[in-house]
Every structure is written in structure tokens, then in C-alpha cells.
*Asks:* 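This is the structure I want to talk about, given as C-alpha cells.
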Amino acid sequence: MLPAVGADERALAEAVRDFARGLEPRIDSAEAEGRLPADVIRELGRLGVLGMTVPEADGGLGASGVAFALVLEELAAVWGSLAVAVSVNGGIAEGSLVRRGSAEQKREWLPRLMDGSGLGAFALTEPGSGSDAARLRSTAARDGDGWVLNGRKMFVTNLRYAPVVIVLARVGPLDEERPHEGITAFLVPADAGGVTIAAAERKMGLHASDTSALVLEDVRVGAAAVLGPLGKGFGAVAMAGLDGGRIGIAAQAVGIARGALERAGAYALQRRQFGRPIADFQMVRFALARARAEVDAARLLTLRAAWLRDAGRPFTREASEAKLFATEMAQRAARTAVQTMGGYGYMRESAVERFARDARATTIYEGTSEVQRLVIARQLLAA
Ligand SMILES: Cc1cc2nc3c(=O)[nH]c(=O)nc-3n(C[C@H](O)[C@H](O)[C@H](O)COP(=O)(O)OP(=O)(O)OC[C@H]3O[C@@H](n4cnc5c(N)ncnc54)[C@H](O)[C@@H]3O)c2cc1C
């Protein structure tokens, strides 16, 4: 089966490619500053990229998941930090609102995630629960009609830019046998009393992407803050959202790998050693050829998962396969790119050094490679 990519989808991706390339001169300073420029986020909103997959009826472009994957690849081929910000905003944040939000919740929050004034965030991970996300300890207790939330969330992407955070918290006591029971998603406004955003994490890569901890101390929200089914948010919001989000991270990894290899290929053509371009040496050519084949394979897996999702078909295993293969592939491709560029590839002034650091996070967030293998094996070996 070949995932179909239509003319509109290609045109959108090409427009984003041009936009992303125009940002290149600004990347180093934004990475050093540790934030995405506000005007870049606003411009992505104006271009419609931030509401790409939101249905037209809700004010978005109504584009397909295939188109979104192509756009994320283009962003990541230039700037990984920007790609993950857009992926989390459009994938798990807006995606959860579109799938599970009431008409009122969509009206209140979607415009603010699409117009470029901010970016959505999703808070599942806690100090004591990462891969074993169902063991989360944040609580939501009844308070009249509404709820009082307490807890601490870790590593929340886009937190500093978010007008609203999707927070997963437990309603009622933890059942050791069924830890996912009772987990509920809440829409928590970032300016609600009792919400504290801790200092941004200092990371190996993705320096301009915000990753911060969220502290909830007696945060009061109304009954209308519940997103999706009460007590069933783990499957209905978190896991369903991550299925889609993983396609975005796979696309990000494809873009990072492609971007690194494009730069390494250009360098190999102009760098001369032993009296000829290093691109003439078979070992260099073969390394780039192998990496290029893997990029294409990863893209096909990614587009297949996106296409299945667009078609309303099951795609959990395919999304995990895409994320596993694409993100592990990006490690190899980034290494090949650095190696091809020799000492220059190791230096801060070369973009491939940044690509190699940024690629590293992709095998960790939205489920580690080990967790993707668990998901794939669970489906493969289901009796
Ligand atoms: C840059 C960045 C951004 C992030 N953004 C967000 C965000 O926006 N929202 C959010 O909620 N979280 C976010 N995260 C958190 C991320 O999803 C977690 O880091 C990830 O799920 C792994 O959890 P952990 O770090 O607690 O590692 P752990 O779960 O402690 O895992 C440690 C190691 O043990 C392995 N392991 C764990 N369980 C098993 C098992 N059963 N079998 C085999 N191996 C296993 C893991 O694969 C890993 O190698 C982000 C993380 C990073 C690095």
C-alpha cells in the first residue's frame, strides 16, 4: 500500500520548506537564547500551520495527517526545536481537543492554539512516572461542581508558551491492579491560581524548545475543564493522543535526518582531500547512500501511519513502528552526517552538530524506543 500524497499536500509542504529556510539565519541566536521567537510562532499561525489538521468547521485548515507529517518533516529539516513545538501543539494538544473537546471547549481554546499567540502543552509525565505513565500521582478532588488539582508534572514541552495545558490527574484512589482507572484529562488555564511554571530545563539539544516542570497547588477548575470521559482519560485522551503524536515525532526524525544528510552531502562535494572531493571516495558515498535509503524507508512508514489515521483505520502499531524506526534511523543518519564532515561536523558552527543533539531526544519523548517495541510486540503477539 502506498500512502497517497496529493498536490495540495505537496504545495503546503513546499511553502513551509521556503518559510523554514528563511529562518536559518536566526536559529543560532534563538537556540542560544533558549526560546522560539514570538514573531515566528505568530507567522506560523498566520500561515495556518498551527491549525493545519483542525477541521475547517472549528477554524482550521482541515488538512490531512499526511500533509501535517510532510510539513513537520520540512520544519525539522531546518529546525528541530520548531518542529517539536508545532508537533506537540497540532498533534497531542489540538488533536485531543478536536477528538474529545465539547463545542464550548473547542470554541474557548482552539483559536488560541491556532492564531500564533501561544502553543498548546500536554502534561502526563511526573517525577515518579514516565514510561509507566499510568502510575501518575497528580490528583483531582471534587470541589462543589468543579475540581481541585494537586501534583507535579515534568518535562512539559511548550509550557512557557501555553495558554492552556492538558493535565492528566487521578480522580479517586490508585487501584494497584488497574492504575489507569480514574485518570482524567483536565484543561488547566496557565494563569489559574496555584499554577507554577518552574525554570526551563537545560537540555542536550532542542535548546529553543521549552521543556519545563508544572506545579499544581490547589488549582481550582470548573466542571467544564474535564476533557473527555471522566475516569477514562488514560486511554481516551493520553494514549489516543500519543498514537497520533508519535507520527509527528517520526516525521520530525525524518526531517532531522534528511536535513543533516543534505548538509553532509553538500559538504562532501566541495571538501577536497587527497586531490579530489571526498564525495568521490566509495566509503563516503556508500555511507550517504545507506542513510538516504533509511530516510526514505522511515518516511514511508510515517506516511503509512498518517494515511491509516486519516482513513479512520487502526494505526497504533503502525505509528509505533514509524516512531521506532524513524527515530533510531535519525541517530544513525546524524552520526553519518557528522562523520562525513570530519572535524567541522563536530564544531558548533556546523548545523549537523545541532541536528545530532536534537535527534537524540526523539527516541525518548512520546514513548521511548523500548516502549514502542512493547506496543508493537503486544499487537504482534496478541492471541
Ligand atoms: C525534550 C523532552 C520533551 C518532553 N515533553 C514532554 C511533554 O510535553 N509532556 C509529557 O508528559 N512528557 C514529556 N516528556 C517526557 C517523556 O515522555 C519521558 O521522558 C519518557 O516517556 C520516558 O520517561 P522517563 O524519562 O521517566 O524514563 P523512564 O520511564 O524512567 O525510562 C528509563 C529507561 O528505562 C526504559 N524502560 C522503562 N520501562 C521499560 C520497560 N517496561 N521495558 C523496557 N525498558 C523500559 C526506558 O525505555 C528508558 O530507556 C519529554 C521528555 C523530553 C526529553
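The first residue in the sequence is number 1, and the count goes up from there. First listed ligand is number 1; within each ligand, the first listed atom is number 1.
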*Asks:* Please check whether Thr368 reaches ligand 1 - meaning an N/O of the residue sits under 3.5 Å from an N/O of the ligand, judged on distance alone.
*Replies:* yes
*Asks:* What part of Lys153 sits under 4.0 Å from ligand 1 if we count only heavy atoms: the side chain, the backbone, both or neither?
*Replies:* neither
*Asks:* Could you tell me whether the side chains of Ser320 and Gln372 share a donor-acceptor contact shorter than 3.5 Å?
*Replies:* yes
*Asks:* If only side-chain N and O atoms count, and only distance matters, is there a donor-acceptor pair under 3.5 Å linking Asn158 with Asn89?
*Replies:* no
*Asks:* Please report which non-hydrogen protein atom sits nearest to atom 8 (O) of ligand 1, along with the residue it belongs to and the distance in Å to one decimal place.
*Replies:*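 Protein heavy atom with the smallest distance to atom 8 (O) of ligand 1: Thr157 N, 2.9 Å.
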*Asks:* Should Val254 and Trp79 be counted in the same cluster of Ile, Leu, Val, Met, Phe, Trp and Tyr side chains packed under 4.5 Å apart?
*Replies:*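 No, Val254 and Trp79 fall in different hydrophobic clusters.
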*Asks:* With a cut-off of 6.0 Å (strictly less than), are more than 12 heavy atoms of other residues, nucleotides or ligands near CZ of Phe281?
*Replies:* yes
*Asks:* Say you draw a straight line from CD1 of Ile183 to CZ of Arg170; how long is it, rounded to the nearest 0.5 Å?
*Replies:* 4.5 Å
*Asks:* Ring-plane angle category for Trp147 and Phe186, please: parallel below 30°, perpendicular beyond 60°, tilted otherwise.
*Replies:*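 Plane angle over 60°, so perpendicular.
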*Asks:* Starting from atom 53 (C) of ligand 1, what is the nearest protein heavy atom, named by residue and atom, and what distance separates them?
*Replies:* Ile364 CG2, 4.3 Å
*Asks:* Can you tell me the protein heavy atom closest to atom 45 (C) of ligand 1 and the distance?
*Replies:* Glu370 CB, 4.3 Å
*Asks:* Protein heavy atom under 4.0 angstrom of atom 39 (C) of ligand 1, is there one?
*Replies:*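 Given the 4.0 Å cut-off, atom 39 (C) of ligand 1 does not count as touching protein heavy atoms.
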*Asks:* If hydrogens are left out, which of Leu124, Leu374, Leu206, Thr125 has an atom nearest to atom 16 (C) of ligand 1, that is, the closest non-hydrogen atom?
*Replies:* Thr125
*Asks:* Only heavy atoms of Glu366, strictly under 4.0 Å: list the atoms of ligand 1 that pass.
*Replies:* 17 (O)
*Asks:* Classify the side-chain pair Arg160/Ser212 by whether it contains a donor and acceptor separated by less than 3.5 Å.
*Replies:* yes
*Asks:* Which ligand 1 atoms are under 4.0 Å away from a heavy-atom of Val156?
*Replies:* 7 (C), 8 (O)
*Asks:* Decide whether the shortest distance between a heavy atom of Val88 and an atom of ligand 1 is less than 4.0 Å.
*Replies:*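 No; Val88 lies far enough from ligand 1 that no heavy-atom distance drops under 4.0 Å.
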*Asks:* Nearest to atom 9 (N) of ligand 1, what protein heavy atom do you find, and at what distance?
*Replies:* Phe122 O, 2.8 Å
*Asks:* With respect to atom 29 (O) of ligand 1, which of Ala133, Gly205, Ser131 exhibits the smallest heavy-atom separation?
*Replies:* Ser131
*Asks:* Verify, without hydrogens or angle tests, whether Gln331 (side chain) and Thr327 (backbone) share a donor-acceptor contact under 3.5 angstrom.
*Replies:* yes
*Asks:* Can Tyr344 and Glu353 be counted as having a side-chain donor-acceptor contact under 3.5 angstrom?
*Replies:* no
*Asks:* Closest by any non-hydrogen atom to atom 23 (O) of ligand 1: pick that one out of Pro127, Ser129, Gly130.
*Replies:*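 Going through Pro127, Ser129, Gly130 one by one, Gly130 has the nearest heavy atom to atom 23 (O) of ligand 1.
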*Asks:* What's the separation between atom CG in Asp28 and atom CD in Glu33, rounded to the nearest 0.5 Å?
*Replies:*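 Result: 12.0 Å between the selected atoms.
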*Asks:* Looking only at protein heavy atoms, which one is nearest to atom 1 (C) of ligand 1, and what is the separation?
*Replies:* Tyr365 CD2, 3.5 Å
*Asks:* Report the C-alpha separation of Glu181 and Lys232 in whole Å, then their side-chain angles, then the decisive distance to 0.1 Å, and conclude whether the salt bridge (Lys or Arg N to Asp or Glu O under 4.0 Å) test is met.
*Replies:* CA-CA 6 Å; Glu181 281 297 328; Lys232 303 279 178 208; 3.1 Å; yes
*Asks:* At the 4.0 Å heavy-atom cut-off, does Val371 count as touching ligand 1?
*Replies:* no
*Asks:* Among all protein heavy atoms, pick the one closest to atom 6 (C) of ligand 1 and tell me residue, atom and distance.
*Replies:*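 The closest heavy atom on the protein side is Phe155 O, 2.6 Å.
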*Asks:* Counting only heavy atoms on the protein side, is anything nearer than 4.0 Å to atom 13 (C) of ligand 1?
*Replies:* yes
